[in-house]
Amino acid sequence: MIPIAPIQLRIFDSPKMTDSKYFTTTKKGEIFELKSELNNDKKEKKKEAVKKVVIASMTVGKDVSALFPDVVNCMQTDNLELKKLVYLYLMNYAKSQPDMAIMAVNTFVKDCEDTNPLIRALAVRTMGCIRVDKITEYLCEPLRKCLKDEDPYVRKTAAVCVAKLYDISSSMVEDQGFLDQLKDLLSDSNPMVVANAVAALSEINEASASGQPLVEMNSVTINKLLTALNECTEWGQVFILDSLANYTPKDEREAQSICERITPRLAHANAAVVLSAIKVLMKLLEILAGDNDFCSMLTKKLAPPLVTLLSSEPEVQYVALRNINLIVQKRPDILKHEMKVFFVKYNDPIYVKLEKLDIMIRLANQSNIAQVLSELKEYATEVDVDFVRKAVRAIGRCAIKVEPSAERCVSTLLDLIQTKVNYVVQEAIVVIKDIFRKYPNKYESIISTLCENLDTLDEPEARASMVWIIGEYAERIDNADELLDGFLEGFQDENAQVQLQLLTAVVKLFLKRPADTQELVQHILSLATQDSDNPDLRDRGFIYWRLLSTDPAAAKEVVLADKPLISEETDLLEPTLLDELICHISSLASVYHKPPTAFVEGRGAGVRKSLPNRSASAAGEDSSSVQEATVIPNQESLIGDLLSMDIGAPAAPAAPAPASSNVDLLGGGLDILLGGGPVASNDAAPAAPAPAGGSAAGGLLGDIFGIGPVSSSNMIQIPKITWLPADKGKGLEIQGTFSRRAGQVYMDMTFTNKAMQAMTGFAIQLNKNSFGLVPSAPLQVAPLQPSQSVDTSLALGTTGPVQRMEPLNNLQVAIKNNVDIFYFACLVHGNVLFVEDGQLDKRVFLTTWKEIPAANEIQYNLHGIVGTADTVAAKMTANSIFTIAKRNVEGQDMLYQSLKLTNNIWVLLELKLSPGSSDATLSLKTRSVEVGAIIFAAYEQIIRSP
């Protein structure tokens with residue numbers, strides 16, 4: 001056995017050997033190491049250090065801003081890779097270190113003149129991305145040179161840089177002439193330069209503060225873009241096609257030519273190019289409505305590319321389907337023969353299945369309904385519950401849409417009910433209720449089958465539908481009272497929807513069979529009015545109770561009145577919205593089915609697009625009858641389009657036409673508008689219109705709701721002020737004001753000759769202005785002798801050229817006589833710009849108020865108010881500010897008002913008044929918030945008027 005030597009532990013007790021060495025390090029930190037490496041003389045080490053800073057640290061979120069001066073020193077290199085990394089670092093940290101970033105300016109300027117075009121482009125791109133004012137000042141000269149660079153890569157990069165610079169400083173871009181250079185690039189020989197120039201100009205147009213396009217497209221420019229379209233990359237083609245979508249051809253021949261040159265893009269491999277091309281063609285089809293042969297040919301060409309998009313991956317399919325949904329609503333003929341491609345595949349994701357189902361219903365017609373029903377019945381046996389529900393509902397929609405197939409659809413639904421699958425049965429009952437509404441007294445024979453499944457219903461909508469059927473057809477169901485009594489046992493536990501339906505059904509049953517059901521109706525009225533805390537249910541119960549107790553005959557007329565037939569397509573988009581979404585095909589708006597204003601805040605969100613009006617020959621209408629706002633950014637608002645459908649033609653110039661006298665004051669309009677609050681003067685009857693020359697003979701309520709004409713005699717008269725003093729007019733003094741009479745704006749002026757000689761030959765000219773004001777007739781001023789004064793009124797039209805002024809109501813005037821030409825400026829009073837047909841329907845008011853973004857709401861405080869809410873409303877009505885509704889909330893009077901400017905801009909207002917207080921709050925909502933200052937000033941003048 002080998003002996004093992006004992007282990008000896010030696011303790012180091014030497015004074016030179018202590019434990020502290022384990023707690024010390026020679027490292028001075030990662031930043032210090034990187035700093036030393038960045039300053040290393042060896043290029044490779046320096047390059048590796050920059051990679052560590054940019055790639056390893058900066059991109060994962062570490063703060064390496066402390067190394068800014070050291071990284072900037074690495075800019076002086078010929079190595080392209082290193083230079084790119086340094087520029088990337090600069091873009092990231094320049095904003096936090098603006099003073100240090102100035103160190104890089106000389107290198108940027110130098111690199112913009114480098115022999116290597118890649119470095120020139122890199123330098124100008126980086127300068128454009130660094131949003132530091134001090135660097136922006138130095139960008140102009142290099143950018144100007146790069147826009148004229150011999151290399152197309154540099155030019156296309158510089159084009160995008162102009163758009164970025166415009167975002168930082170729009171005034172600099174306009175002052176330095178970059179916009180003109182950008183326009184010149186549209187004629188460039190390189191298609192990618194053209195595409196980038198188009199993209200930059202489009203972005204600048206969207207960001208433009210004036211709302212007017214900075215670059216007007218014309219046939220020459222469009223021809224250049226179409227030429228470049230064939231040669232540039234796919235994303236360049238998207239930019240060009242999007243720009244073409246904003247152009248409206250001058251006639252059908254030009255539209256046809258553009259269509260022919262764009263059609264080849266439909267065969268492109270990129271889905272974005274295809275959808276952008278379809279967007280342009282959909283817009284042009286509106287103009288070509290008169291050319292049936294060409295439209296038919298074009299329609300056939302649109303189908304194959306749309307079908308091809310459905311062979312892509314599911315995500316692209318979904319986007320394509322959402323766009324197809326819009327296209328089918330606008331032009332169902334395009335895909336009427338392509339039903340099979342929308343049949344659902346077993347491995348489609350649920351979101352694709354549901355979208356295909358929706359499109360199938362839209363394409364269903366008498367020729368393909370058998371095929372569609374066969375598919376839908378198959379889908380109803382799937383395992384996906386949500387999909388099965390949609391499939392069953394789809395069968396009901398087919399019955400409503402295709403009347404000859406309704407019987408077949410009902411038969412299919414009965415087959416599905418026999419399967420006894422709970423959720424299938426419940427969905428079937430919901431859709432059968434709609435079929436009964438569409439085809440009364442036709443399919444009621446199946447009610448007994450439905451009643452057999454009463455006990456299996458557990459979903460509120462299905463139970464409510466079954467209760468409705470029992471109540472509606474109580475006279476055909478022998479045991480209707482027993483069935484409804486069964487529901488009442490658990491009345492308090494039922495969903496509110498079912499409770500409301502039960503209440504109505506029992507009242508219907510009582511009115512049809514009063515002898516048997518008196519106890520039942522008393523029981524439910526007691527439950528609804530005494531035991532329920534649901535205000536809707538309680539209110540309906542009291543209404544029925546009052547009706548039944550006071551006038552049973554009236555109750556019968558109300559409760560058992562004929563129901564209006566339900567429409568074929570209840571889920572179609574509103575036509576104006578659909579037209580707008582067609583203009584946004586291939587964008588997020590077409591996927592959400594909402595206008596950009598609904599989900600985008602900030603610039604460009606309020607600029608609304610719309611399809612062009614069809615040609616007069618095709619539509620049979622005079623295009624001049626369609627009014628559009630002509631000035632102010634964001635003028636083409638949804639409000640104008642909503643109202644153009646409901647409000648009649650504008651007032652004739654001779655006398656304002658009276659508004660409709662059959663306004664429904666008590667038909668639920670105010671409750672709907674204001675959320676069910678108490679309505680002022682709810683027992684007043686509509687007053688008859690006042691005589692044209694009379695005062696408020698129709699009563700105060702009539703004035704408030706615009707019943708009867710607006711009398712110009714009650715309009716505020718603003719006193720004249722001096723527009724041109726005698727010392728500046730060489731003895732001619734002009735005092736003036738603005739007024740509105742008989743639906744027309746007037747300049748009321750007093751000319752005074754304070755010179756020693758006679759003045760003759762007067763003429764007037766107005767500069768372009770925000771509202772297109774121009775003289776309707778020559779100025780009539782008789783020869784003025786010394787010390788003589790004369791009054792004159794000049795009628796103004798609103799059809800002149802438009803140019804945004806600052807302030808918006810500024811009007812520049814030139815007066816000529818035998819002495820000289822004199823110039824002065826005056827402010828147009830806001831109230832003379834309010835037209836007489838500015839009264840909105842209550843429901844349109846509410847819908848529009850909700851649709852305008854919150855960012856477009858402005859508040860203003862009014863002081864010195866005298867009188868009640870009614871007197872204020874009367875003053876406003878006399879000045880074409882119409883009160884839509886009045887409500888009292890927590891002791892405050894709320895007036896909801898609308899007005900319309902001469903250029904078709906609509907403004908919605910809420911005036912909050914406190915009784916006994918001289919202060920009020922005015923909230924304004926409009927697509928064009930720039931008009932706010934004019935409106936507020938007008939309110940101040942009107943409220944203070946006697």
Side-chain angles (χ1 to χ4, degrees), residues 426 429-430 433 450-451 454-561 563 664-683 887-891:
Q426 304 203 71
I429 286 173
V430 172
K433 180 256 296 180
L450 303 181
C451 291
L454 201 58
D455 296 335
T456 63
L457 306 180
D458 54 15
E459 292 175 8
E461 193 175 4
R463 288 174 73 81
S465 297
M466 195 66 228
V467 169
W468 181 88
I469 291 170
I470 295 170
E472 190 69 17
Y473 301 101
E475 70 278 10
R476 304 185 187 203
I477 305 171
D478 295 334
N479 62 336
D481 52 341
E482 293 174 17
L483 295 175
L484 291 175
D485 197 30
F487 280 99
L488 293 186
E489 291 172 8
F491 184 79
Q492 302 295 352
D493 301 324
E494 293 284 4
N495 181 277
Q497 179 184 6
V498 182
Q499 289 179 337
L500 287 164
Q501 206 58 257
L502 264 172
L503 175 59
T504 304
V506 171
V507 172
K508 285 179 182 176
L509 177 62
F510 172 72
L511 291 169
K512 291 175 181 178
R513 289 158 46 183
D516 308 335
T517 54
Q518 191 163 353
E519 190 178 328
L520 186 65
V521 78
Q522 285 179 341
H523 180 40
I524 196 165
L525 286 172
S526 173
L527 286 172
T529 56
Q530 296 173 23
D531 301 342
S532 173
D533 56 0
N534 181 340
D536 292 338
L537 182 64
R538 213 165 45 236
D539 289 350
R540 189 181 292 191
F542 279 125
I543 289 170
Y544 284 152
W545 200 321
R546 185 69 58 84
L547 267 173
L548 293 170
S549 60
T550 56
D551 192 349
K556 215 165 194 173
E557 287 182 25
V558 171
V559 180
L560 300 181
K563 313 292 183 297
D664 175 16
L665 296 178
L666 305 174
L670 290 180
D671 286 337
I672 292 165
L673 176 64
L674 302 174
V679 180
S681 305
N682 62 353
D683 56 351
R887 182 185 179 196
N888 188 281
V889 181
E890 297 177 358

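Atoms considered below: every heavy atom in the structure, side chains included; atoms not considered: hydrogens, waters and symmetry mates.
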**Q.** Intermediate values then yes/no, side-chain contact (heavy atoms from CB on, under 4.5 Å), Tyr544 and Val521
**A.** CA-CA 10 Å; Tyr544 284 152; Val521 78; over 6 Å; no
Q.
Evaluate Val506 against Asp481 for side-chain contact (heavy atoms from CB on, under 4.5 Å), listing each step before the verdict.
A. CA-CA 8 Å; Val506 171; Asp481 52 341; over 6 Å; no
Q: Determine, step by step, whether Leu527 and Leu537 satisfy the side-chain contact (heavy atoms from CB on, under 4.5 Å) criterion, reporting the C-alpha distance in whole Å, the side-chain angles of both residues, the deciding distance to 0.1 Å, and the verdict.
A: CA-CA 10 Å; Leu527 286 172; Leu537 182 64; over 6 Å; no
Q.
Apply side-chain contact (heavy atoms from CB on, under 4.5 Å) to residues Ile470 and Lys508 and explain how you reach the verdict.
A. CA-CA 10 Å; Ile470 295 170; Lys508 285 179 182 176; over 6 Å; no
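Remark: of the listed residues Val559, Val558, Leu547, Val559 is the sole one forming a side-chain contact (heavy atoms from CB on, under 4.5 Å) with Leu511.
Between Arg540 atom CZ and Thr504 atom OG1 the span is 4.0 Å, to the nearest 0.5 Å. To the nearest 0.5 Å, atom CG of residue Asn479 and atom CD1 of residue Ile477 are 7.5 Å apart. Note that CD1 of Ile469 and CG of Leu483 are 12.0 Å apart. Values are rounded to the nearest 0.5 Å. For the atom pair CD1 of Ile543 and OG1 of Thr529, the computed distance is 12.5 Å after rounding to the nearest 0.5 Å. Note that the NE2 atom of His523 and the CG atom of Asp531 stand 8.5 Å from one another [nearest 0.5 Å]. The line from CG of Leu560 to CD of Glu472 is 8.0 Å long, rounded to the nearest 0.5 Å.
Of all heavy-atom pairs between Cys451 and Met466, the closest is SG-CE, 3.8 Å. In this structure, Lys512 and Ala474 approach most closely via the heavy-atom pair NZ-N, 4.1 Å. Closest approach of Arg513 and Ala480 over heavy atoms only: NH1-CB, 4.0 Å. When all heavy atoms of Leu525 and Gly541 are compared, the closest pair comes out as CD2-O, 3.5 Å. Taking all atoms of both residues into account, the shortest heavy-atom contact from Glu494 to Arg463 is OE2-NH2, 2.5 Å. When all heavy atoms are compared, the tightest approach of Leu548 to Ala555 is CD2-CB, 4.0 Å.
Heavy-atom contacts from other residues, nucleotides or ligands closer than 6.0 Å to CZ of Arg546 number 12 or fewer. In this structure, Asp458 places its CG atom where more than 12 heavy-atom neighbours from other residues, nucleotides or ligands lie under 6.0 Å away. More than 12 heavy atoms of other residues, nucleotides or ligands shown are found within 6.0 angstrom of CD on Gln530.
A donor-acceptor pair under 3.5 Å is formed between the side chain of Gln426 and the backbone N or O of Glu459.
Residue pairs satisfying the ring pair (Phe, Tyr, Trp, His ring centres under 6.0 Å) criterion with at least one member in residues 461-491, sequence neighbours excluded, are listed as follows: Phe436-Tyr473.
Neither side chain, Asn495 nor Glu461, offers a donor N or O lying under 3.5 Å from an acceptor on the other.
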